[in-house]
Amino acid sequence: MNDQAILLCGHGSRKKEGVQALAQLAGKMQERYSDITIEHGFLELARPDYHEVIRRLYDQGIRRIHALPVFLFAGVHMNYEIPELMKQYQSEMEGLEISLASHIGIGDELIRLAEKRIVEAEYERYGKSLDHTNDLLLTIGVGSSISESNADIAKLTRLIWEKTHFGFSEYAFISKLTFPSVAEVLKIINHMPFERIVVFPALLFPGIFLDKVFMAIEEFRKEANKEVIFAEPFGPDDLLVDILEKRKQEARIIQS
């Protein structure tokens, strides 16, 4: 029996679609690692939580767990909460070794996945991919109290822009923790010459934040004389599994 396992550490959601998405991602990863147990758990808002999964794995004889946070960017959860929890769990269970990876972060695979979602939205609307020369890209992130996390949204937007050759790009945040807000940016966009806006929600999975983004865009559609294409979030995808494989290789054992 293999005494190792991989734990995908999600945030959690009140919406079943968000909970199911992490399970789907775990399923995709299991296809790659047929000889190792793949589990998933949540920090909050959904079950099972990390502790439940780790305890169950431990009781099954697992003694090494690779904890892979399924979080886009650094933030309070990634920087403080998750490392402390993993340290606590490791100390509770004799002989358990947990290696903790970093967040997903920005890389070639993530940019390619964003481009993939944009093209999928265009094919659904027009049956083809578009020339974006006269279009505006709007990337919407959650927003954080951590400035580096917000800066990553700006970087992500710039990299998608350069890869997809939009005429211009903007970014906004749905959370009240930072600025500019979606409403503020949409007011500016409404006065810009671009007639078509492609909205990319820089979110991993469906959830309350995606609903808020969609509602804000729907209000904008009613008021503005502009065409809007709404792409899906990153979602479970083989490209996301590629990233998690890299993070697993970089993971470091928790020091007690």
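- Nearest heavy atoms, Ile254 versus Pro83: CD1-O, 4.4 Å.
- Nearest heavy-atom pair, Leu130 versus Ile229, reported as atom, atom and distance to 0.1 Å: CD1-CD1, 3.7 Å.
- Formation of a donor-acceptor pair under 3.5 Å by the Gln30 side chain with backbone atoms of Tyr33 is found in this model.
- Leu72 CG to Ser149 OG: the interatomic distance, rounded to the nearest 0.5 Å, is 8.5 Å.
- Ionic pairing of Arg55 and Asp59 is present here: one or more N-O contacts between side-chain nitrogen and carboxylate oxygen are shorter than 4.0 angstrom.
- Salt-bridge annotation for Glu250 and Arg247: present, with a side-chain N of the basic residue lying under 4.0 Å from a carboxylate O of the acidic one.
- Scanning all heavy atoms of the two residues, the minimum distance from Pro193 to Lys226 falls at C-NZ, 4.4 Å.
- Around CG of Asn79, the count of heavy atoms belonging to other residues, nucleotides or ligands within 6.0 Å exceeds 12.
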Practice task
Check the pair Tyr58, Glu94 against side-chain contact (heavy atoms from CB on, under 4.5 Å), reporting the backbone distance first and the verdict last.
Solution key: CA-CA 10 Å; Tyr58 185 81; Glu94 185 178 357; 4.0 Å; yes
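- For the atom pair CD1 of Ile62 and CG of Leu96, the computed distance is 10.0 Å after rounding to the nearest 0.5 Å.
- Side-chain contact, His51 with Gln88: no donor N or O sits under 3.5 Å from an acceptor N or O.
- Following chains of ILVMFWY side-chain contacts shorter than 4.5 Å, one can reach Ile188 starting from Val228, so the two form part of one hydrophobic cluster.
- For the pair Pro206 and Pro233, the tightest heavy-atom approach, listed with the atom from each and the gap, is N-CG, 4.4 Å.
- Using bins of under 30°, 30° to 60° and over 60° for the plane-to-plane angle, the ring pair Phe194/Phe168 lands in the parallel bin.
- Counting non-hydrogen atoms of other residues, nucleotides and ligands closer than 6.0 Å to OH of Tyr171 gives a total of 12 or fewer.
- Within the 4.5 Å cutoff, side-chain heavy atoms of Arg32 are placed close to those of Asp242.
- Between Arg63 and Asp3 there is no salt bridge, since none of the side-chain N atoms of the basic residue sits less than 4.0 Å from a carboxylate O of the acidic one.
- In this structure a side-chain-to-backbone donor-acceptor pair under 3.5 Å is present from Gln90 to Ile98.
- Transitive grouping of hydrophobic side chains (ILVMFWY, heavy atoms separated by less than 4.5 Å) brings Phe209 and Phe214 into a common cluster.
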Problem - Criterion side-chain contact (heavy atoms from CB on, under 4.5 Å) on Met86 and Ile54, from CA distance to verdict - result: CA-CA 9 Å; Met86 294 302 162; Ile54 291 173; 3.8 Å; yes
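- Judged purely by distance below 3.5 Å, without hydrogens or angles, the side chains of Gln249 and His66 never pair a donor atom with an acceptor atom.
- At most 12 non-hydrogen atoms from other residues, nucleotides or ligands lie less than 6.0 angstrom from CZ of Arg14.
- No donor-acceptor distance shorter than 3.5 angstrom exists from the side chain of Glu84 to the backbone of Glu81, with no hydrogens or angles considered.
- Residues Gly235 and Leu113 share a closest heavy-atom pair of O-CD2, 4.5 Å.
- For the atom pair Leu204 CG and Leu110 CG, the distance stands at 8.0 Å (nearest 0.5 Å).
- By the 4.5 Å heavy-atom criterion applied to side chains, Pro69 and His11 are not counted as neighbours.
- At least one cation-pi condition fails for Arg117 and Phe234: the charged atom is not both under 6.0 angstrom from the six-membered ring centre and inside a 45 degree cone around its axis.
- A heavy-atom distance below 4.5 Å is found between the side chains of Arg47 and Glu52.
- Formation of a donor-acceptor pair under 3.5 Å by the Tyr50 side chain with backbone atoms of Gly10 is found in this model.
- Distance CG/Leu244 to CG/Leu25: 5.5 Å, rounded to 0.5 Å.
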Problem - Audit row: Lys248, Glu245, salt bridge (Lys or Arg N to Asp or Glu O under 4.0 Å) steps and yes/no - result: CA-CA 5 Å; Lys248 177 180 177 292; Glu245 282 188 319; over 6 Å; no
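- Under the 4.0 Å criterion applied to side-chain N and carboxylate O atoms, Glu219 and Lys222 are assigned as salt-bridge partners.
- How far CD of Glu170 is from CG of Leu186: 10.0 Å, rounded to the nearest 0.5 Å.
- Clustering ILVMFWY residues whenever any of their side-chain heavy atoms sit less than 4.5 angstrom apart, transitively, puts Leu45 in a cluster other than the one holding Leu22.
- Salt-bridge check for Asp237 with Lys116: passed, with a basic side-chain N closer than 4.0 Å to an acidic carboxylate O.
- Side-chain contact between Asn150 and Leu177 is absent, with no heavy-atom pair separated by less than 4.5 Å.
- The CD1 atom of Ile197 sits 4.5 Å away from the CG atom of Leu136 when rounded to the nearest 0.5 Å.
- Grouped by direct or indirect side-chain proximity (heavy atoms under 4.5 Å, Ile/Leu/Val/Met/Phe/Trp/Tyr only), Ile146 sits with Val76, Tyr80.
- Surrounding CD of Glu124 are at most 12 heavy atoms belonging to other residues, nucleotides or ligands under 6.0 Å away.
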Exercise for the section: Output, in order, the C-alpha distance, side-chain angles, deciding distance and verdict of side-chain contact (heavy atoms from CB on, under 4.5 Å) for Ile189 and Phe220. Expected result: CA-CA 10 Å; Ile189 289 175; Phe220 176 72; 4.3 Å; yes
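- The environment of Glu195 atom CD is sparse: at most 12 non-hydrogen atoms of other residues, nucleotides or ligands sit within 6.0 angstrom.
- No donor-acceptor pair under 3.5 Å is formed between the side chain of Asp49 and the backbone N or O of Phe42.
- A 6.0 Å sphere centred on CG of Asn225 holds no more than 12 heavy atoms belonging to other residues, nucleotides or ligands.
- Salt-bridge check for Glu109 with Arg112: failed, with every basic side-chain N at 4.0 Å or more from each acidic carboxylate O.
- Applying the salt bridge (Lys or Arg N to Asp or Glu O under 4.0 Å) test to residues at least two apart or on different chains, the pairs with a partner in residues 205-215 are Lys15-Asp211.
- Within the 4.5 Å cutoff, no side-chain heavy atoms of Glu120 are placed close to those of Glu232.
- In the displayed structure, Lys163 atom NZ is contacted under 6.0 Å by more than 12 heavy atoms of other residues, nucleotides or ligands.
- Between Leu137 and His132 the shortest side-chain heavy-atom distance does not fall below 4.5 Å.
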Practice task
Go through the steps to decide whether Leu57 and Glu39 satisfy the test side-chain contact (heavy atoms from CB on, under 4.5 Å), and finish with yes or no.
Solution key: CA-CA 9 Å; Leu57 290 170; Glu39 290 283 1; 3.8 Å; yes
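- Between Ser13 and Val19 the shortest heavy-atom distance is O-CG2, 3.6 Å.
- Note on Leu43 and Leu100: same hydrophobic cluster, where clusters join Ile, Leu, Val, Met, Phe, Trp and Tyr whose side-chain heavy atoms are under 4.5 Å apart, directly or indirectly.
- One hydrophobic cluster, built from ILVMFWY side chains closer than 4.5 Å, cannot hold both Val198 and Val119; they sit in different ones.
- The closest side-chain heavy-atom distance from Thr178 to Ser145 is not below 4.5 Å.
- Residues Pro180 and Phe173 meet the side-chain proximity criterion, which asks for heavy atoms closer than 4.5 Å.
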